[in-house]
Amino acid sequence: MNPQNYNYINIESKWQQQWYNEKIYEANKKTNKKFFIHFAYPGVSGYLHVGHMRGFTYCDIIARAKRMQGYDVLFPAGFHASGIPSIGFAKKVERKDPKTIAMLKEYGCDEQCISNLTDPKNVVSYFSDVYVEDYWKKFGFLIDYSRIMSTISPGYKQFIKWQFQKLYEKNLLIQKPHFAPFCSKCGPVAVDKSETDISQGGNAEIMEFTVIKFKLSDGTILPAATLRPETIFGVTNMWINPTVTYKKIHINNETWIVSKSAFEKLNYQHDNIKDLNETIPGSSLIHEQVTIPLINRKVPVLSGPFADPDVATGIVMSVPAHAPYDYIALKETKEPIEPITIIDVKDLGENPAKTVCEQLNISSQSETTKLEEATDLVYKKEFHTGSLNQECKEYAGIKIAEIKDTVKNKLIESNLAVQLREFSEDVICRCGEHVVIKKIPDQWFVQYSNQKLTDESKEHIASMHIFPEKYKEELPGILDWFDDRACIRKGSWLGTEFPFKQGWIIEPISDSTLYPAYYLLSKYVNEKKINIDEMTTEFFDYVFFGNGEAKNEIWEEIRKDCAYWYPVDINLGGKEHKTVHFPVFIMNHVAIMPPEKRPQGIFVHWWVTQKGKEKISKSKGGAEHVAEAAELYGIDAMRLYYTHVGSPFVDIEWDAKIVTKYKNKVANIYKFINQLLSINSEPKNQIDTWLESKTNEYLSKVTYAYNNFDLRVAANTIFYEIPQDINWYIKRGGGNKNTIKTCVNAWLQLMTPITPHLSEELWNITHDTLVSTSILPDEKRLKISESHVAGEKLVSNLIDDIQEILNVTKIKPQRIIIYTAPNWKHMVVHKAINLSEENGSLNMGQLMKSIMTNPDLKKQAKQVSKYAGKLTGEIKKLNEKDITYYQTNIDETKYLTESKSFFESLFNCSIEIYSADDSSINDPKQKSRFAEPRRPAIYVE
RNA sequence: GCAGAGGUACCCGAGUGGUCAAAGGGGCAGGGCUUAGGACCCUGUGACGUAGGUCUUCGAGCGUUCGAAUCGCUCCCUCUGCACCA
């Protein structure tokens, strides 16, 4: 059979049809042993690429492996459709974005189909179909397709409303002011790299300025904004841009002078602001005096043309000892003002700003790149190693890292400062407007900072199975760090209406935390067994908690399902979920579900990237479409590739050449097993017992690996170690039909979770049932003959030794004589191992003492002691496996003699085998004295 | 800003105290099978070695230990996630 003829396309669709027709994916309550696994559902606003299939594949493998161990498996899937992505996509289609249209056409979406996609809801249903039909089913996933759901379906919305009701009851929904990106035309916008809402500024960060109120002699306030309020003690002057026209405004009965844009920003973020419609040229303020609040020192206002009216308030306080910009500016004005050093920091001398400016050779304000670098350097150094000095009176000696908020809070509390938030770079809305930051006075939050919830969640995490283990250690820290999350938003965005504020929609992360529970209902919703308006608080309380009473039989049925399947055993998702999705998934369960219904495990996998660790993307080339790759390599090859190419916990680089290797691997296994099944029967002998033992060893090793989700170990064993051993069996003259059948059957079962189509096709040769629904043999009933396993190890080690001798001596052998160790050496080894096992260590004295109690050994004390001396050093290097190897009882001479013809054909010469104890021994070079247990001596002619 | 990962032979990548000159794969070289082959099989792939051995090696340096790729410290370098994006 030619592996090139392995027609995976037909084979895959043939078996998939059968699985799906027979609905073997459906979760049913049968065995009282359940397993609930799901992956973090994907968003639906575009096609997926080969990288996305990695996690899905892991999930299917685990689910299949569990099924084959007799578990009732629930493996559902759904779509996260809330939020803006699908709206953004629809908008792109609507304005006929050329890239989007070209992509849709490339994937076979026709005009009719494209025109449909101007509606976000159609976007969701279109991609949902693509995911199910072109990705999940094509990959052979045994997802329970009767439970598919989306987060914008009416049933799901009922569920989310109930969830928020529960959060409210637990006092985890709170209201407080929030500052959010806002467009005066479009309302709230999301600022993020994907730039769905905005046209520029996706990387902008929100910076929090402290606006400090410096007073002019007439009481008017000159507000300077700073990110470093603690440096107020070092202020020597103010900077005002003489070319800018400032304006006067009223804010809580105070009169402020600010730039025009500062007024607008303040207006969005503060109450009680009035425009006094009075302008003031910056130049007129130069050389006025202001009083520094808190320390009441007077400083002059100087001309600073660099003060940008669009940054913060447009007015700057000058701290020349710690801000390189200020230092250089002050130097250039030639004013007789001395910097005031307020922070002691090692290595930066009397004046850190000056030191760094000199180090970097900065002499002019125009060297902005260098000045930025200098600012950064000074800031980092001061923040991490600096502390305030005597100039700061009550704060002297405190580290900068600790003081920041203290000074800020003190200023704000004393009404000497306010806060102002601003983007680090310009953010422009889709519509062209500038995006600002607006105060929402009564924003709703989920209170993740709640101490009780955090503590309880941490406690729960300790009991979970989390992969990789390192993530388990990280999680408590993440929970501590996780802050309250604004959970609703007003504007164009799909999702569930927030029950406590009309017109506001629950934000997409907040509506995807408890959702695995909904998979228990989605089946009934899909089958229209339950009405949407029936899904009330009473309903959910009943089915999840058993509170209240069932209104009908379906309620009862659903309650039983919930009781049976919940909690989730594994939630699997990519590494991007580590700091958001998984924490809220845990915390919402802890908040709402009783202890026994909280998640049992999490599996985090890393990504598939393009060469050079770039995030995979079509625009950069190289990435392959899922459907194309599936056709080119075959599904099983891709499944094997994902599983075997690297640990789940590293990023892997997509490389077509490597995937091709796996394609060949799959075809070769197909060819190999076909050959095995066509072997004519030989009688059984020792090698058959060996192969049966090895097969059983592999059954238990792979089962163990599957149970620990150690998929790579499973794949390596199945696809590389097992065929090696079968080859050894053939090489050793094996060829018994029954042995081969037993071995191949077990092998096929083991590979089914990873390469189900291949296994199904081969299994079909000798079975009329599906291997996917078969159950693995019970581990406890597997028989392993240790002596045969050890015997073969002896044979193969001996071959290596002979080979090495031949390589080194370059002798072409005429005759090889093998001497197994004399009985007394075996006795000494056993004594040594026993002693070392008993005592945990071994010393020469002990060993000799024990040896001398045996009269047979005592007779040749001299030789024995020499050998024992050598042994004591070696014994402690042995591990458990070695010890088993030594302790297993085999008659080496007999075992080797039975393999004599194998040695003869291998080395193509005559072979003689003697025990060193044999009286008829032929030992021309006295080699037999080197023989040791498990290491026969060798003589080559 | 907060947090995390990692540097292993020509390459990818296992390995977290002795089984380690270091799995597996790829590449390369030689041989086999073949009309041919990008398919497959075997052998070799740190150095030295006419007896199964010895020596050097796991980013750099120091240390702990009878023993270190593995543990500790210092340094250098690379990468990643998150911040109403799911």
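Chain naming here is simple, since letters A, B, ... match the order of the sequence lines and numbering starts at 1 in each.
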Under 3.5 Å, which N/O atoms of the protein pair with N/O atoms of nucleotides 29-31 of chain B?
none

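- If you take atom C1' in B:C40 and the same atom in B:C33, they sit 8 Å apart, rounded to whole Å.
- The separation of B:U70 from B:C62, taken at their P atoms, amounts to 14 Å, rounded to a whole angstrom.
- For B:C10 and B:U45, the P atoms lie 14 Å apart once the distance is rounded to whole Å.
- Applying the Watson-Crick and G-U wobble criteria (two distances, each under 3.5 Å), B:C40 pairs with B:G32.
- Counting to the nearest Å, the C1' atom of B:G13 and the CZ atom of A:F649 are 15 Å from each other.
- Checking the phosphate oxygens (OP1, OP2) of B:G6, a side-chain nitrogen or oxygen of A:K470 falls inside 4.0 Å.
- Proximity of A:K661 to the phosphate of B:A39: a side-chain N or O atom is located under 4.0 Å from OP1 or OP2.
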Please list every donor-acceptor pair under 3.5 Å in which a side-chain atom of residues 466-473 of chain A meets a protein atom from a residue at least two apart or in another chain.
unit_1 : atom_1 : unit_2 : atom_2 : d
A:Y471 : OH     : A:K578 : O      : 2.8
A:K472 : NZ     : A:A462 : O      : 3.1
A:K472 : NZ     : A:M464 : O      : 2.7

**Study point:** Where protein sits on nucleotides 50-57 of chain B, one letter per nucleotide: B base, S sugar-phosphate only, - none, heavy atoms under 4.0 Å
**Key:** SBBB----
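- Separation of the C1' atoms belonging to B:C58 and B:G38 is 34 Å when rounded to the nearest angstrom.
- Looking at A:T717, its side chain never comes within 3.5 Å of a backbone N or O of A:V702 through a donor-acceptor pair.
- Listed by chain and residue number, nothing satisfies the salt bridge (charged side-chain N to carboxylate O under 4.0 Å, His left out) test with A:E497 (two or more places apart in sequence, or in another chain).
- Distance noted for atom C1' between B:U57 and B:U35: 47 Å (whole Å).
- Atom CG in A:N716 sits about 19 Å away from atom P in B:C12, given to the nearest Å.
- In terms of the salt bridge (charged side-chain N to carboxylate O under 4.0 Å, His left out) criterion, residue partners of A:D484 (sequence neighbours excluded) are, by chain and number, A:K176.
- Between the side chains of A:W493 and A:E507, no donor-acceptor pair is found at a separation under 3.5 Å.
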Look for any protein N or O under 3.5 Å of an N or O in nucleotides 69-72 of chain B and output each such pair with its distance, or none.
none

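- Counting non-hydrogen atoms under 4.0 angstrom, A:E474 reaches the backbone sugars and phosphates but no base.
- Residue contacts for A:A180: at a heavy-atom cut-off of 4.0 Å it reaches a base atom on one of the strands shown.
- When the P atom is used for both B:C28 and B:U34, the distance is 24 Å, rounded to whole Å.
- Legend: residues meeting side chain to side chain contact (heavy atoms under 4.5 Å, CB included) with A:A937, ordered by chain and number and at least two apart, are A:Y819, A:F930, A:A931.
- A:Y471 places its OH atom 15 Å from the P atom of B:A3, with the value rounded to the nearest Å.
- Of all nucleotides present, only B:G27 satisfies the Watson-Crick or G-U wobble test against B:U45, with each distance under 3.5 Å.
- Every residue was checked against the ring pair (Phe, Tyr, Trp, His ring centres under 6.0 Å) condition with A:Y886, not counting sequence neighbours, and none meets it.
- Shown here, B:G6 forms a base pair with B:C77; the pair counts as Watson-Crick or G-U wobble because both key distances fall under 3.5 Å.
- With rounding to whole Å, A:Y641 atom OH is found 11 Å from B:G13 atom P.
- Of the listed nucleotides (B:C2, B:G4, B:A39), B:A39 has the atom at the smallest distance from the side chain of A:N668.
- Side chain of A:H52 to backbone of A:H49: a donor-acceptor contact under 3.5 angstrom is found.
- At whole-Å resolution of the value, NZ in A:K657 and P in B:G25 are 17 Å apart.
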Review point. What do the steps show when you test A:R929 against A:D923 for salt bridge (Lys or Arg N to Asp or Glu O under 4.0 Å), and what is the final call?
Key: CA-CA 10 Å; A:R929 63 200 157 101; A:D923 190 4; over 6 Å; no
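- When the side chain to side chain contact (heavy atoms under 4.5 Å, CB included) test is applied to A:T888, the partners found at least two apart in sequence or on another chain are A:E786, A:S787, A:A790, A:T884.
- For the C1' atom pair drawn from B:A9 and B:G15, the interatomic distance equals 14 Å after rounding to whole Å.
- Nearer the 5' end of RNA chain B, as judged by each residue's closest nucleotide, is the contact made by A:N727, out of A:K575 and A:N727.
- Rounded to an integer number of Å, the gap from CZ of A:R712 to P of B:G13 is 10 Å.
- Side-chain proximity of A:Y720 to the nucleotides B:G81, B:G24, B:G6 is greatest for B:G24.
- Applying the salt bridge (charged side-chain N to carboxylate O under 4.0 Å, His left out) rule to A:K701 yields the partners A:E721; only residues at least two apart in sequence or on another chain are considered.
- Contact annotation for A:F179: base contact, defined as any heavy-atom pair under 4.0 Å involving a base atom.
- Heavy-atom nearest nucleotides on RNA chain B were determined for A:I509 and for A:S647, and the one closer to the 5' end corresponds to A:S647.
- Between B:A22 and B:G17, the two C1' atoms lie 15 Å apart (nearest whole Å).
- Considering only residues two or more places apart in sequence or on other chains, A:K408 meets the side chain to side chain contact (heavy atoms under 4.5 Å, CB included) condition with A:E208, A:T210, A:P229, A:D405, A:I412, A:Q419.
- The pairing partner recorded for B:U19 is none, the criterion being a Watson-Crick or G-U wobble arrangement whose two distances lie under 3.5 angstrom.
- Every residue was checked against the side chain to side chain contact (heavy atoms under 4.5 Å, CB included) condition with A:S678, not counting sequence neighbours, and none meets it.
- A donor-acceptor pair shorter than 3.5 Å cannot be found between the side chains of A:T496 and A:D511.
- In this entry the distance linking CD of A:E469 with P of B:U16 reads 12 Å, nearest Å.
- No engagement by A:W444 is indicated, since no non-hydrogen atom pair under 4.0 Å with the nucleic acid exists.
- Per the geometry, CG belonging to A:N807 stands 13 Å off C1' belonging to B:U45, to the nearest Å.
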